[in-house]
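Just below is one structure, and these are the notes that go with it.
What you see is a predicted model; the values in this text were computed from it and never measured. Read the numbers this way: they start at 1 and go in the same order the structure lists the ligands and their atoms.
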Amino acid sequence: MNTNSLRLQQTLASCSQSIADGDFKKSEESISIVVHFLDSISDCVSPGTKDEHESEDSAFEVVSQLHQYLISPSTDQAVIDALAFELPKAVAKFACASARCFENAEKIINHFVKSCSPRDMVSILCEAMTSSSDGFNDPSYFTPLLGALAKAFEALQRRPFEQVKSALPVILKVLEAFLTNPEDETDAGFVDLVDKSVQIAHSLKAICIKLDHKDKKLIALFGLYVLQITALISNNVGAQTSTLMLQLSHFLHYCGLTYLGLITGHEVDMSLDLLSQDDEDDHMSCFSYVRCGAALTVLWGDLSNEVDDATKQDLEAVKLELFKNQTKRWEAVGILKHIFASINLPWELKRHAIDLLFSIMEGIDFQQAHDTPLDSSVYIPSLYASLQAIQLVIVYASDPLLRKKAFDTFKRVLADIPPSLRFDILMALTRNSELSSMIAILLSCVKEELHREYPQKVSKENEYANAENNMSQQSSPFWTARVHDFVEFVLKPPNGGPPVLPEFTDAVLSALNLYRFVLITESSGNTNYSQVLSKNKLQKVYREWLEPLRALVSGVRAETQEDDNQMALCGLNPVEFVLYRCIELVEENLKHAT
Ligand SMILES: *[C@@H]1O[C@H](CO)[C@@H](O)[C@H](O)[C@H]1NC(C)=O
Ligand SMILES: *[C@@H]1O[C@H](CO)[C@@H](O)[C@H](O)[C@H]1NC(C)=O
Ligand SMILES: *[C@@H]1O[C@H](CO)[C@@H](O)[C@H](O)[C@H]1NC(C)=O
């Protein structure tokens, strides 16, 4: 027998002796000697070094011997109980050493769960997962602990809800740490961790069943857990993901969660409300991704070929419901936003989410939709945030087709909003945009609005007054003096100075185009909605926007010509073209202005 084995044998024997003697102080000391000894062995294992094999051999020997000792019938239960309190952490570190050490470490921890009070084990295992240790960046440290927790949960006899509720934040924190930014989804450690997270879901379901499905709070907690891991697992889609998602969606079905309730967020809110009622310690903050998980559940349902016909049907009915009911549709937009705004989800899923949202918005008769009176203002913050999230896809997706589809979807969501709120939202989006290309896109949306909403004047003299009255009631908020604010934001930026060129070329070009459009439309239609033709406005525009811009553009042209920067020069050409056209138009109209 080598020295390590002999040491372990001796320390365990002394433990057992002091426990048998009932000497509390001494037994505590001897257990801590065992822990120190185990740590000294596991700390030495460092894969990749030259004595890697030697140190792994001794780790394996020690962990096997410890296992043998614990399962031996001659080992007293009191000793196992005492060791169970201190050893799981030290043993879990061995799981990082090698596959065979992992196996033994897992057996030991599971043996503790099998032989000791599950209630104690839940808190011991959670403690082992929260206290910082060297194993913290290795999923193999946590995997056996999570697997054991799943077993301990199932064995809980009394008040499982409270136990589970305080353990889930710990579990989810660990899972989030590894699944938010997984290094490599094919890594065995990662796959094992995901398996354990699903195993915990199985245990939660088993507890719910054991309680005859009567504990509503436990079922709500179970549902939220599944939604949270749905979001975490979706961060890294692999070959197995859709099978996993199918499994998870069955859990959600058990919890009574439906696609409609998930996509509108109602059922998530109900669960959170139910659980927050008497939650002093704010356990609910660990469910930060449940809304994203709700959106993803529906998305996976839409994606998966394996989903049975019944569920598929369900989804079509959901789309129809969203098609019919604007409130629900807006709620769905608010839930899907979490997918677009996520920094960790893969683009592939965002693409599917855009497709799903597009298919929901497709074919909606927006004119008709606005007839439904509804207190829209409460949905505005959420719709605004959703449009901002879709902007992220428009701007950052590398695939031009996806960017295009995202933009089409953006316009449809926008069109679903009543015009007055649409104006405010477009204004807020523009003001909060830092990207020239995004501002250009938003101003092109404003121009489209103006184009679509231009109220034609009734030509007949006697109908003139009446028509104008009616028009002032229903006319588009875009055809008002406020439309100048869009142009001004770009041409005379709020924080002073002229626009930055050539960086803001796109935005400047779009603003000039917008201004030109308004000017031409009003003057040829002989209307005055935006007051663009009033002398004051024309002079102000000339003096404050166009002249400074002309000076700026010639300056930039001279500079870029010197540097022979062809790209910048090409970008400047259309700006100059539209700028000079605007100047011409303004001068011409000033002549006629009264
Ligand atoms: C639309 O959905 C909302 C929210 O679920 C509901 O309150 C409202 O009654 C529904 N409207 C119609 C017309 O069904
Ligand atoms: C103006 O609106 C009123 C009531 O909505 C309507 O009776 C009238 O015919 C409208 N006038 C014109 C010129 O459209
Ligand atoms: C347009 O309307 C404004 C105010 O309503 C007025 O001051 C201006 O003179 C009008 N301009 C033209 C060209 O009708």
Aromatic plane relationship, Phe478 with Phe423 - under 30° parallel, 30 to 60° tilted, over 60° perpendicular: perpendicular
Sub-4.0 Å atoms of ligand 1 with respect to non-hydrogen atoms of His266: 5 (O)
Electrostatic pair Arg422:Glu449 at N-O distance under 4.0 angstrom: yes
Closer than 4.0 Å: a protein non-hydrogen atom to atom 7 (O) of ligand 1: no
Residue selection (non-hydrogen contact nearest atom 13 (C) of ligand 1) among Thr264, Leu322, Asn325, Leu260: Asn325
Under-4.0 Å protein heavy-atom contact, atom 11 (N) of ligand 1: yes
Glu331 and ligand 1 - part of the residue with a heavy-atom distance under 4.0 Å: neither
Under-4.0 Å salt bridge between Glu348 and Arg351: yes
Lys404/Asp408 ion pair, N-O < 4.0 Å: yes
Lys/Arg N to Asp/Glu carboxylate O, Asp269 vs Arg291, below 4.0 Å: yes
Any Gln326 heavy atom less than 4.0 Å to ligand 1: no
Short N-O contact, Lys411 and Glu448, less than 4.0 angstrom: yes
Ligand-residue contact atoms, ligand 1 with Lys328, heavy atoms, under 4.0 Å: 2 (O), 5 (O)
For atom 4 (C) of ligand 1, the protein heavy atom that lies nearest, with its residue and separation: Thr327 CG2, 4.0 Å
